[in-house]
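We're numbering straight along the sequence, starting at 1. The model shown is predicted, which means the values in this text are computed figures rather than measured ones.
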Amino acid sequence: MALATRTVAVGDLTAEERMQALYDAHAKPVYSFLLRLTFGERQAAEDLLQETMMRAWRKIDALNADIAALRPWLLTVARRVAIDAGRAKRARPEEVGLVDMTLLSSGDDAIERMLAVQTIKRAMARLTPEHRNVIIEIYCRERSAAEAAVVLGIPEGTVKSRTYHALRYLRAAMGTAPKRRPE
């Protein structure tokens with residue numbers, strides 16, 4: 001990396017050494033600031049700190065030679081990075097993950113639990129045997145896709161595909177997606 005070995009105007013420090021000094025002097029306060037902006041979400045604050053430091057690295061040669069004087073600039077960059085991340089998150093559709101079966105009921109209401117179990121049983125019964133077997137291997141027996149493939153005697157990609165389609169059907173049966181029997 002040419003930038004990392006080139007010396008900067010301040011003394012004999014390389015850009016990499018200057019960036020290290022910047023990080024050492026300001027990373028903790030900037031992280032604390034970002035932690036407040038993310039309402040305590042550590043992973044989000046760490047990601048935003050990394051992006052802030054990347055932007056500082058890109059401009060390391062143009063930054064003020066006095067490392068101590070750069071905190072206000074870094075906080076401004078961090079705030080803008082957080083705003084950009086918030087806007088980007090709102091612009092993307094909501095992420096959809098696997099259905100967490102443990103969240104179906106609160107656990108306090110026996111009738112609600114019974115209804116959820118019955119809904120799942122009915123939906124599982126309507127799955128094709130191939131899809132049902134994959135769900136049982138992956139979620140009931142807690143096997144990996146590779147292990148389930150060996151047990152079922154099918155390719156790992158087929159296990160993944162059947163799991164995907166079966167979960168889509170189960171979500172639909174539970175009222176969280178359009179219903180369609182898996183192919």
To the nearest 0.5 angstrom, please state how far the [atom1] atom of [X] sits from the [atom2] atom of [Y].
X: Ile60; Y: Gln20; atom1: CD1; atom2: CD; result: 10.5 Å
X: Arg42; Y: Leu49; atom1: CZ; atom2: CG; result: 13.5 Å
X: Met124; Y: Tyr169; atom1: CE; atom2: OH; result: 11.5 Å

Worksheet entry | All pairs passing side-chain hydrogen bond (donor to acceptor under 3.5 Å, both in side chains) where residues 25-38 contributes a residue, at least two apart | His26-Arg71

Discussion item. Please list all pairs meeting side-chain hydrogen bond (donor to acceptor under 3.5 Å, both in side chains) that have one or both residues in residues 47-56, counting only residues at least two apart or in different chains.
Written reply: Gln43-Asp47, Glu51-Arg55

Heavy atoms only: give me the nearest [X]-[Y] pair and the separation to one decimal.
X: Glu130; Y: Arg162; result: CB-NH1, 3.5 Å
X: Ala69; Y: Pro72; result: O-CD, 3.5 Å
X: Ala56; Y: Leu63; result: O-CD1, 3.8 Å
X: Ala149; Y: Pro155; result: CB-C, 3.9 Å
X: Ala148; Y: Arg143; result: N-CB, 4.2 Å
X: Ala21; Y: Ile67; result: O-CG2, 3.9 Å

Practice prompt. Go through the steps to decide whether Leu48 and Val30 satisfy the test side-chain contact (heavy atoms from CB on, under 4.5 Å), and finish with yes or no.
Written response: CA-CA 10 Å; Leu48 295 172; Val30 172; over 6 Å; no

Worksheet item: Would Trp73 and Met19 show up in the same hydrophobic cluster when neighbours are defined by side-chain heavy atoms closer than 4.5 Å?
Response: yes

Worksheet item: Phe33 and Ile83: same hydrophobic cluster, using ILVMFWY side-chain contacts below 4.5 Å?
Response: no

Fill in: Polar side-chain atom of Arg141 near backbone of Ile136 as donor-acceptor pair, under 3.5 Å
no

Discussion item. Closer than 3.5 angstrom, by distance alone: can the side chain of Arg132 be matched with the main-chain N or O of Leu127 as a donor-acceptor pair?
Written reply: yes

Item to complete: Return yes if a side-chain donor-acceptor contact under 3.5 Å exists between Glu137 and Asn133, otherwise no.
Response: no

Discussion item. The test is side-chain contact (heavy atoms from CB on, under 4.5 Å); show your working for Arg168 and Tyr164 and say whether it passes.
Written reply: CA-CA 6 Å; Arg168 276 189 66 190; Tyr164 169 79; 3.3 Å; yes

Item to complete: Before giving the answer on side-chain contact (heavy atoms from CB on, under 4.5 Å), spell out for Val159 and Ile154 the whole-Å C-alpha distance, their side-chain angles and the decisive distance to 0.1 Å.
Response: CA-CA 7 Å; Val159 170; Ile154 57 177; 3.6 Å; yes

Item to complete: Start with the C-alpha gap between Arg79 and Leu75, add the side-chain angles, then the distance that decides, and say whether side-chain contact (heavy atoms from CB on, under 4.5 Å) holds.
Response: CA-CA 6 Å; Arg79 183 177 56 81; Leu75 292 173; over 6 Å; no

Discussion item. I'd like to know if Lys160 pairs up with Glu156 as an ion pair, taking the criterion as any Lys NZ or Arg NE/NH1/NH2 lying under 4.0 Å from an Asp or Glu carboxylate oxygen.
Written reply: yes

Fill in: Any residue meeting side-chain contact (heavy atoms from CB on, under 4.5 Å) with Arg122, in chain and number order, not counting sequence neighbours
Gln118

Item to complete: Taking the side chain as every heavy atom from C-beta outward, state whether Tyr139 and Leu167 have any atom pair closer than 4.5 Å.
Response: yes

